[in-house]
Number of protein chains: 2
Amino acid sequence: MRSFLICMTMLSKTFAYALRAVTYVAVHSKEGKKVNLEQLSEGIDVPQPFLGKIMQDLVRQGVLKSMKGPGGGFWTDEFSLKLPAFEILNATDGYAVLTSCLMGKKNCNSSLPCPLHAEYALCRDTLFDALRNTRISDLAQKVEAKEIFLAEDN
Amino acid sequence: MRSFLICMTMLSKTFAYALRAVTYVAVHSKEGKKVNLEQLSEGIDVPQPFLGKIMQDLVRQGVLKSMKGPGGGFWTDEFSLKLPAFEILNATDGYAVLTSCLMGKKNCNSSLPCPLHAEYALCRDTLFDALRNTRISDLAQKVEAKEIFLAEDN
DNA sequence: CGAATAAAAGATAATAATATCTTTTTATAT
DNA sequence: ATATAAAAAGATATTATTATCTTTTATTCG
């Protein structure tokens with residue numbers, strides 16, 4: 001009866017889970033292994049049924065590959081590995097969050113800005129650039145290089 | 001029967017509403033006027049009952065002053081005007097969101113970082129700095145200077 | 001083929017965020 | 001003092017997000 005409501009990020013938990021999941025799968029794909037849901041769920045410490053839904057989306061959006069049946073599971077091919085992390089956001093939350101106004105103004109832009117427009121644009125762009133410039137293969141490589149684990153506690 | 005579920009920001013709608021509300025009140029306080037809920041709700045285009053709750057919090061946390069009764073309402077005193085916008089975040093969402101990990105790692109730090117730690121830290125810090133360096137009086141001044149309106153559509 | 005494995009899909013449940021409604025308290029003015 | 005105005009407080013409703021459970025479909029292997 002454990003609770004999974006722990007983290008509190010500016011973006012959704014779904015996206016955080018998806019980032020961890022894709023990274024985990026990518027690391028194992030480089031070793032030529034497929035990953036199944038049970039293993040993944042334990043490896044990144046995310047509840048299996050919910051993770052299943054997220055994985056479905058990621059496959060549907062072409063971020064990951066999957067196969068059913070014995071020996072099946074999820075993996076990244078060459079195409080996936082080259083995708084920017086931005087595509088993970090796109091497949092989960094959508095990218096609208098990166099074009100929004102901090103103060104909730106509908107038409108906030110540089111010619112009619114809210115009082116925090118310039119500052120927040122800078123913040124958003126920093127994240128946007130990071131998600132565009134970081135490929136899935138980079139995520140995997142960083143995990144390998146630093147021996148970081150993807151479970152929340154590690 | 002209108003819907004208010006429109007904006008989609010990285011932080012909460014509550015925070016977006018609070019920013020608009022405090023700014024609106026500050027502008028009017030500079031003209032020596034108190035603002036009541038009804039006027040405020042129309043001025044910034046936020047549903048009155050929900051806004052009422054947010055205002056309660058802001059007053060309780062010392063960001064705004066209020067008075068009941070005829071001629072009552074909300075206002076900012078000299079103390080309020082000097083507060084950084086960060087205090088508005090603190091009074092609504094709390095600031096934990098500015099110390100979180102994008103990938104949901106519990107202990108994410110520079111010595112054991114997630115693969116996006118450095119990049120996301122930059123993003124968070126940009127926002128953090130903006131919220132610390134912008135005072136409530138600055139928000140009001142920008143609205144006055146640029147003749148911006150605080151309703152979503154404007 | 002039939003049994004077993006694993007993802008996909010569909011349906012339901014719990015929690016948090018957002019929104020509304022009603023009653024109470026406090027202040028003002030007559 | 002009484003009526004009125006306005007915030008505070010409390011209770012309830014709606015919607016979105018997160019989480020779970022069950023059934024179906026695809027694949028492999030004996």
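Here is the naming used below: chain letters follow the sequence lines, and residue numbers restart at 1 for every chain.
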Any B:Lys34 side-chain N or O less than 4.0 Å from OP1/OP2 of D:dA6: no
Checking the side chain of B:Lys142 only, and the main-chain atoms of A:Pro113 only, is there a donor and an acceptor separated by less than 3.5 Å? no
Run the salt bridge (charged side-chain N to carboxylate O under 4.0 Å, His left out) check on B:Lys30 and B:Glu78 step by step: do they pass? CA-CA 10 Å; B:Lys30 284 181 160 187; B:Glu78 283 308 306; over 6 Å; no
Write down the distance between NZ (A:Lys65) and P (D:dA26), rounded to a whole number of angstrom. 18 Å
Is it the case that the side chain of A:Ser29 and the backbone of A:Thr76 share a donor-acceptor pair, with hydrogens and angles ignored and the cut-off at 3.5 Å? yes
B:Lys13 atom NZ is separated from C:dA16 atom C1', nearest whole Å, by 14 Å
Taking CG from A:Leu51 and P from D:dC21, how many angstroms apart are they, rounded to a whole number? 15 Å
Any chance you could measure B:Gln141, atom CD, to B:Ile136, atom CD1, to the nearest 0.5 Å? 14.0 Å
For nucleotides 1-3 of chain C, which of its nitrogen or oxygen atoms have a protein nitrogen or oxygen under 3.5 Å away, and what is each distance?
none

Rounded off to whole Å, could you give me the CD-to-C1' distance for the A:Gln48 and D:dT18 pair? 16 Å
Step by step, work out the side chain to side chain contact (heavy atoms under 4.5 Å, CB included) result for B:Leu127 and A:Leu122. CA-CA 8 Å; B:Leu127 182 58; A:Leu122 204 59; over 6 Å; no
OP1 or OP2 of C:dT18 versus the side-chain N and O atoms of B:Thr14: is any pair under 4.0 Å? yes
Within this structure, what is the CG-to-C1' distance between B:Leu11 and C:dT18, rounded to whole angstrom? 16 Å
Under a 3.5 Å distance rule, please check whether A:Ser41 uses its side chain to pair with a backbone N or O of A:Val46 as donor and acceptor. yes
Quick tally for nucleotides 4-12 of chain C: nucleotides whose base has a protein heavy atom under 4.0 Å get B, sugar-phosphate-only ones S, the rest -, giving BBBBSBBB-
For the residue pair A:Tyr95 and A:Phe86, categorise the inter-ring angle as parallel (less than 30°), tilted (30 to 60°) or perpendicular (more than 60°). tilted
Atom CG of B:Asp93 and atom C1' of C:dT18 are separated, to the nearest Å, by 12 Å
Decide yes or no for A:Cys108 and A:Met103: does some side-chain heavy atom of the first lie under 4.5 Å from some side-chain heavy atom of the second? no
Would one find a side-chain N or O of A:Tyr17 under 4.0 angstrom from OP1 or OP2 of D:dT18? no
So do A:Gln48 and A:Leu51 actually touch side chain to side chain, heavy atoms under 4.5 Å? no
